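To keep things clear, I will list the structure first and then write my remarks on it.
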Amino acid sequence: MERWLAKKVELRILLGAILLMLLLTWVFGWLVYNRLSGGERFGSASSAAVLIVSAPKTAQKILSGDLKLDDHEVRANFDEAGGFTFFREPEAPQYVLVSRYDGDIRWSIVELYREGESDPIHVWKFDQPEEFAFASENRFAVSPKPRKSHLLRTVHPQLMPDGSLVVHSHYSGLYRVDACSKPIWTKAEFGFHHSVEISPEGDIWTPGTVSPEIEGYGWNEKTYDDHIVRVSPEGEVLYAKSVLQMLIDADLINLIYDYDFTVQDPIHLNDIEPVRADGEIAKRGDVFLSLGHLNMVLLFRPATDEIIWYSQDLMMHQHDVDPLGPDSISVYDNRRKTDADGKPFVLGLNELLRFDLPGKKAEQFFLDEMSSMDIRTFNQGLSDAIAGSGRMVEETSRGRLIKFGEDGAPDWVFLNRSENDRLWVMNWSRYLPKAVGDVAVEALAATKC
């Protein structure tokens, strides 16, 4: 060994070896960059390079117990099998539009069920990303790419009377998709995200994000300027309003800042709920907004361009505003906090809050029911209620739907569990009234794909 180490190496050989190492390092770096930037040119070679680079982080996750084998996998411990588990027959069956990431096919799907049945009436599969690709100059609208299933989620699909869906992929384009899972139109002026709700007139309200054009507040092109966006069923943008500008106009600019610092996502608009009937305060045409990073819900009137009401009582990174009656709303409160290591957690359980306008104080309700099923999604989550049928809750980040009857006892549970027993994320499902589902089912029955 010593004799081998004592041998002289010619300078040209040494220089050649150094140059070869530099070349290999450059090639390796290019393979990693190509895959992480969405390139597919070098196939499995790029994938192998990324795997090698990720090895230390993967090892750390294994040792800490935080390893997730897929971006869509979730961690929770439930006893039920995958799919529906029925505890009793629903008193007044409606329809369930299940939106989820399918861990068996590794793509997102949407399924329409008659409540009480285990087999879907219809399935929309989102497994052809090239059909949903688009070109956009908006940094917040990310186009789907091959083998990148996390870029093609099916978030909060809105079922239309003809059996089509209006849906987005979360900070992506907005699509109307026919019964055969083919896009009818695509809009990408905004990065669309979170809720998709239909107005009494049949238009779509959904959050959309762009870089701000507002000057003088320390924001730049990376700042999320959330807008409320109204889109026609034909895909035309009818109205858009910046929430940042909305708060500036209402002299609420101080709420946007965290002490002396401006943040990249100051608002985090995560729900737009249109008002469907006149009350004393809320009027048809108004919209309730949930601003997650401000722990705020507010009522905005597009007709007069003004904030009518707002509250920040009790909420902790809430989602999903729903009407309970004239001038009454419920809010899905995640009660989300972040620990010293930057990891999110739920302070206790998720809660439902009730506001009776013009009052700004929240009242907790449905606590026993939420506690009985240990409901605590740290991210997203929603609740849909139909009078006379009960309430459905989605635990988005725990892969579960729970339907409660009018008496508060569970009717059924749906678990997004794959055949290998792993759990996967939900994509904002819906509890649909029977009348709405019946119209769509009739249209779907006449469709051939």
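Scope of the values below: all heavy atoms of this structure, side chains included, with no hydrogens, waters or symmetry mates. None of these values were measured; they are calculated from a predicted model.
Counting all heavy atoms, side chain and backbone alike, Ser181 lies closest to Lys125 at OG-N, 3.0 Å. Residues Val166 and Val196 come closest through the heavy atom pair O-CG1, 3.9 Å. Pairing each heavy atom of Pro274 with each of Pro200, the nearest pair is CB-CD, 4.4 Å. Here the closest non-hydrogen pair linking Ala179 and Trp124 is CA-NE1, 3.5 Å. Taking every heavy atom of both residues into account, Met392 and Trp412 meet most closely at SD-CH2, 3.9 Å.
Shown here is Asp407, whose CG atom has more than 12 heavy atoms of other residues, nucleotides or ligands within 6.0 Å. For NZ of Lys283, the number of neighbouring non-hydrogen atoms (other residues, nucleotides, ligands) closer than 6.0 Å is greater than 12. Residue-environment remark: NZ (Lys241) exceeds the threshold of 12 foreign heavy atoms within 6.0 Å. Around the CD atom of Glu80, the shell of radius 6.0 Å holds more than 12 heavy atoms that belong to other residues, nucleotides or ligands. Within 6.0 Å of CG in Asn220 there are more than 12 heavy atoms belonging to other residues, nucleotides or ligands. The 12-atom threshold is not exceeded at CD of Glu137, counting heavy atoms of other residues, nucleotides or ligands nearer than 6.0 Å.
Judged by the 6.0 Å and 45° rule, Arg391 forms a cation-pi pair with Phe366.
Side-chain contact between Tyr431 and Ser389 is present, with at least one heavy-atom pair separated by less than 4.5 Å.
In this structure, His268 and His293 have parallel ring planes: the angle between them is below the 30° cut-off, well short of the 60° mark. Ring geometry for His193 versus Tyr171: interplanar angle under 30°, hence parallel rather than tilted (30 to 60°).
To the nearest 0.5 Å, the span separating CD1 on Ile214 from CD1 on Ile248 amounts to 4.5 Å. Taking NE2 of His168 as the start and CD of Gln158 as the end, the distance is 11.0 Å to the nearest 0.5 Å. If you take CZ on Phe300 and CD1 on Ile308, they are separated by 8.5 Å, rounding to the nearest 0.5 Å. Here CG of Asp127 is found 14.5 Å from CZ of Arg106. Values are rounded to the nearest 0.5 Å. With rounding to the nearest 0.5 Å, the separation of CD1 in Ile109 from CG in Asn427 is 9.5 Å. Between the CZ atom in Arg153 and the CH2 atom in Trp107 there is a gap of 14.0 Å [rounded to 0.5 Å].
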Is there a salt bridge (Lys or Arg N to Asp or Glu O under 4.0 Å) between Asp374 and Arg376? Walk through the geometry before answering. CA-CA 6 Å; Asp374 188 34; Arg376 47 187 173 89; 3.0 Å; yes
His227 vs Phe190, test: ring pair (Phe, Tyr, Trp, His ring centres under 6.0 Å). Steps then yes/no. CA-CA 9 Å; His227 285 58; Phe190 297 85; 5.4 Å; yes
Would you sort out whether Tyr95 and Asp438 count as a side chain to side chain donor-acceptor pair (under 3.5 Å), showing the intermediate values? CA-CA 9 Å; Tyr95 285 90; Asp438 283 346; 2.6 Å; yes
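Partner of Phe355 under the ring pair (Phe, Tyr, Trp, His ring centres under 6.0 Å) criterion, out of Tyr310, Trp309, Phe365: Trp309 alone.
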What side-chain donor-acceptor pairs closer than 3.5 Å can you find for residues 442-449, not counting sequence neighbours?
residue: Thr447; atom: OG1; partner: Ala443; partner atom: O; Å: 3.0

